[in-house]
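Only a predicted model underlies this, so the values are computations on that prediction, with no experimental measurement involved. We use all heavy atoms of the structure for the numbers below, so side chains are in, but hydrogens, waters and symmetry mates are not. Counting begins at 1 with the first residue of the sequence.
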Amino acid sequence: MVVLSQPALNQFFLLKTCKPTPLFAGIPVVDLTDPDAKTHIVNACRDFGFFKLVNHGVPLQFMANLENETLGFFKKPQSEKDRAGPPDPFGYGSKRIGPNGDVGWVEYLLLNTNPDVISPKSQFIFREGPQNFRAVVEEYIRAVKNMCYEVLELMAEGLGITQRNVLSRLLKDEKSDSCFRLNHYPPCPEVQALNGRNLVGFGEHTDPQIISVLRSNSTSGLQICLTDGTWVSVPPDQTSFFINVGDTLQVMTNGRFKSVKHRVLADPTKSRLSMIYFGGPPLCEKIAPLPSLMLKGEESFYKEFTWWEYKKAAYASRLADNRLGPFEKSAAD
């Protein structure tokens, strides 16, 4: 829990606030067991870049176990949590999001998803944390990865691509550059009492990877930006997953799918906990529209680049920047 000392209260002036918006009833819902799931996935990715996934096959006990272990870590004294940071990029971080001045009312753990490559910070977290923290994290990630592969394969089918694993193979690759993030947004009643607004826990951004798979507790706070620029609040559902189209998938579909801009507001009275798997390709993978998707005579909207080149550019930018902008082809290209 973040303790609100006077210095911490002073930091509020560095943080953005935002008016909460009503819960939006129009979020697309995809049932993974539905024979038409592939069509619903494609429609949701085209129209929203985002959807809720139900009947996903990930045991609810895995979710509950991870939530309990994670809360156990975030309830530790600040001095103990700080020993798992600062992030390099893996490890524990608080308020600072990346190296470029973005801040939010959040504390987090960032972990590698490859069980064979454990960063020193992750080793510290698992060594100092509850005995089964590592086992619970790995159990959860394994199940979410398998679900994610199925979603991507149905997506490929829905796009009419013969090679069903054209997307999932990038995440299955042993060199896949994927990561796992645990975000904790402590309640902050003082700020809302002052101005009736909520603190921004994580500022507006798109995810640079192929796909993001989010699960949270029952506290609201996630907002997405619709295609008309309207921000709406996503009703929480702790038994389901929320799937985001990432920038890389936008490029691979040549803009058919749009990466969704989203942000998180901290709740004034309740703690929000979210866990996000970010599925990325190998660093050396060339990112370009899928040839099997391109129509005759269709031009790519994007310059070709490697995931490493895009990742490096994305993490050198501010959260709200249009990260794909420099990679878009101009009329002169």
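When all heavy atoms of Asn183 and Tyr185 are compared, the closest pair comes out as ND2-OH, 3.3 Å. Of all the heavy atoms in Leu23 and Pro236, the pair that sits closest is CD2-CD, 4.5 Å. The minimum heavy-atom distance between Cys179 and Leu110, with the atom names listed, is SG-CD1, 4.1 Å. Minimum interatomic distance between Thr206 and Asp247 (heavy atoms only, all atoms of both residues): OG1-OD1, 2.9 Å. Among all heavy-atom pairs drawn from Phe242 and Pro235, the shortest one is CZ-O, 3.6 Å.
Grouping the Ile, Leu, Val, Met, Phe, Trp and Tyr side chains by contacts below 4.5 angstrom, directly or via other members, places Val103 apart from Leu319. Leu182 and Phe202 fall into different hydrophobic clusters, where Ile, Leu, Val, Met, Phe, Trp and Tyr residues are linked whenever their side-chain heavy atoms come under 4.5 Å apart, directly or through other members.
Here Glu174 pairs with nothing under the salt bridge (Lys or Arg N to Asp or Glu O under 4.0 Å) rule; sequence neighbours left out. Considering only residues two or more places apart in sequence or on other chains, Lys312 meets the salt bridge (Lys or Arg N to Asp or Glu O under 4.0 Å) condition with none of them. The side chain to side chain donor-acceptor pair (under 3.5 Å) check on Lys52 picks up Asp237, with sequence neighbours excluded. Partners of Arg215 according to the salt bridge (Lys or Arg N to Asp or Glu O under 4.0 Å) rule, which considers only residues two or more places apart in sequence or in another chain, are Glu67.
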### Query
Given the rule in the side chain to side chain contact (heavy atoms under 4.5 Å, CB included) test, do Leu265 and Trp105 qualify, once you have shown the distances and angles that lead to the verdict?
CA-CA 8 Å; Leu265 305 188; Trp105 190 245; over 6 Å; no

### Query
Run the side chain to side chain contact (heavy atoms under 4.5 Å, CB included) check on Val144 and Phe241 step by step: do they pass?
CA-CA 9 Å; Val144 167; Phe241 289 98; 3.9 Å; yes

### Task
Take His205 and His262 through the side chain to side chain contact (heavy atoms under 4.5 Å, CB included) test and state the conclusion after the steps.
CA-CA 6 Å; His205 63 287; His262 55 288; 3.2 Å; yes

### Worked verdict on Val264 versus Val106 for side chain to side chain contact (heavy atoms under 4.5 Å, CB included)
CA-CA 10 Å; Val264 176; Val106 64; over 6 Å; no

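In this structure, CD in Gln250 is found 10.0 Å from CZ in Phe301, a value given to the nearest 0.5 Å. Taking NZ of Lys75 as the start and CD of Glu80 as the end, the distance is 14.5 Å to the nearest 0.5 Å. The distance from the CD atom of Glu304 to the CD atom of Glu309 is 9.0 Å, given to the nearest 0.5 Å. In this structure, Ile27 CD1 and Phe51 CZ are separated by 12.0 Å, a value rounded to the nearest 0.5 Å. Considering CE of Met252 and CG of Leu167, their distance stands at 5.0 Å, rounded to 0.5 Å. Considering CG of Asn244 and OG of Ser259, their distance stands at 9.5 Å, rounded to 0.5 Å.
The closest side-chain heavy-atom distance from Asn112 to Phe180 is not below 4.5 Å. Tyr140 is not listed as a side-chain neighbour of Asn65, based on a closest heavy-atom distance of 4.5 Å or more. Considering only heavy atoms from C-beta on, Cys225 stays 4.5 Å or farther from Glu204 through its side chain. Between Pro87 and Tyr108, some side-chain heavy-atom pair lies under the 4.5 Å cut-off. Within the 4.5 Å cutoff, no side-chain heavy atoms of Asn198 are placed close to those of Cys18. Contact annotation: the side chain of Lys329 approaches that of Ser300 to within less than 4.5 Å [non-hydrogen atoms, C-beta and beyond]. Contact of the Phe50 side chain with the Leu222 side chain is registered, since non-hydrogen atoms from C-beta on lie closer than 4.5 Å. With a 4.5 Å cut-off on side-chain heavy atoms, Val245 and Val260 do not count as touching.
Note: Phe24 and Phe48 have tilted aromatic rings, judged against thresholds of 30 and 60 degrees for the angle between ring planes.
Although no hydrogens or angles enter the test, the distance criterion places a donor-acceptor pair under 3.5 Å between the side chain of Thr21 and the main chain of Ser233. Between the Ser317 side chain and the Asp321 main chain, no donor and acceptor come within less than 3.5 Å of each other. One N or O on the side chain of Arg256 and one on the backbone of Leu293 form a donor-acceptor pair closer than 3.5 Å. Between the Lys81 side chain and the Phe73 main chain, no donor and acceptor come within less than 3.5 Å of each other. No donor-acceptor pair closer than 3.5 Å links the side chain of Ser240 to the backbone N or O of Val54. Judged purely by atom type and a 3.5 angstrom limit, Asn254 uses its side chain to pair as donor or acceptor with the backbone of Glu299. Side chain of Asn68 to backbone of Ala64: a donor-acceptor contact under 3.5 angstrom is found.
Between the side chains of Ser292 and Gln163, not a single donor N or O lies within less than 3.5 Å of an accepting N or O.
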Please output the side-chain donor-acceptor pairs of residues 148-161 that fall under 3.5 Å, not counting sequence neighbours, one pair per line with the distance.
residue : atom : partner : partner atom : Å
Glu153  : OE1  : Arg164  : NH1          : 2.8
Glu153  : OE2  : Ser168  : OG           : 2.8
Glu153  : OE2  : Lys172  : NZ           : 3.2
Glu157  : OE2  : Arg164  : NE           : 2.2
Glu157  : OE2  : Arg164  : NH2          : 3.3

Report all side-chain donor-acceptor pairs from residues 270-290 shorter than 3.5 Å, counting only partners two or more places apart or in another chain.
residue : atom : partner : partner atom : Å
Ser271  : OG   : His184  : NE2          : 2.7
Arg272  : NH1  : Ser216  : OG           : 3.4
Arg272  : NH1  : Thr219  : O            : 2.8

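For Arg46, the CZ atom sits in a packed shell: over 12 heavy atoms of surrounding residues, nucleotides or ligands are nearer than 6.0 Å.
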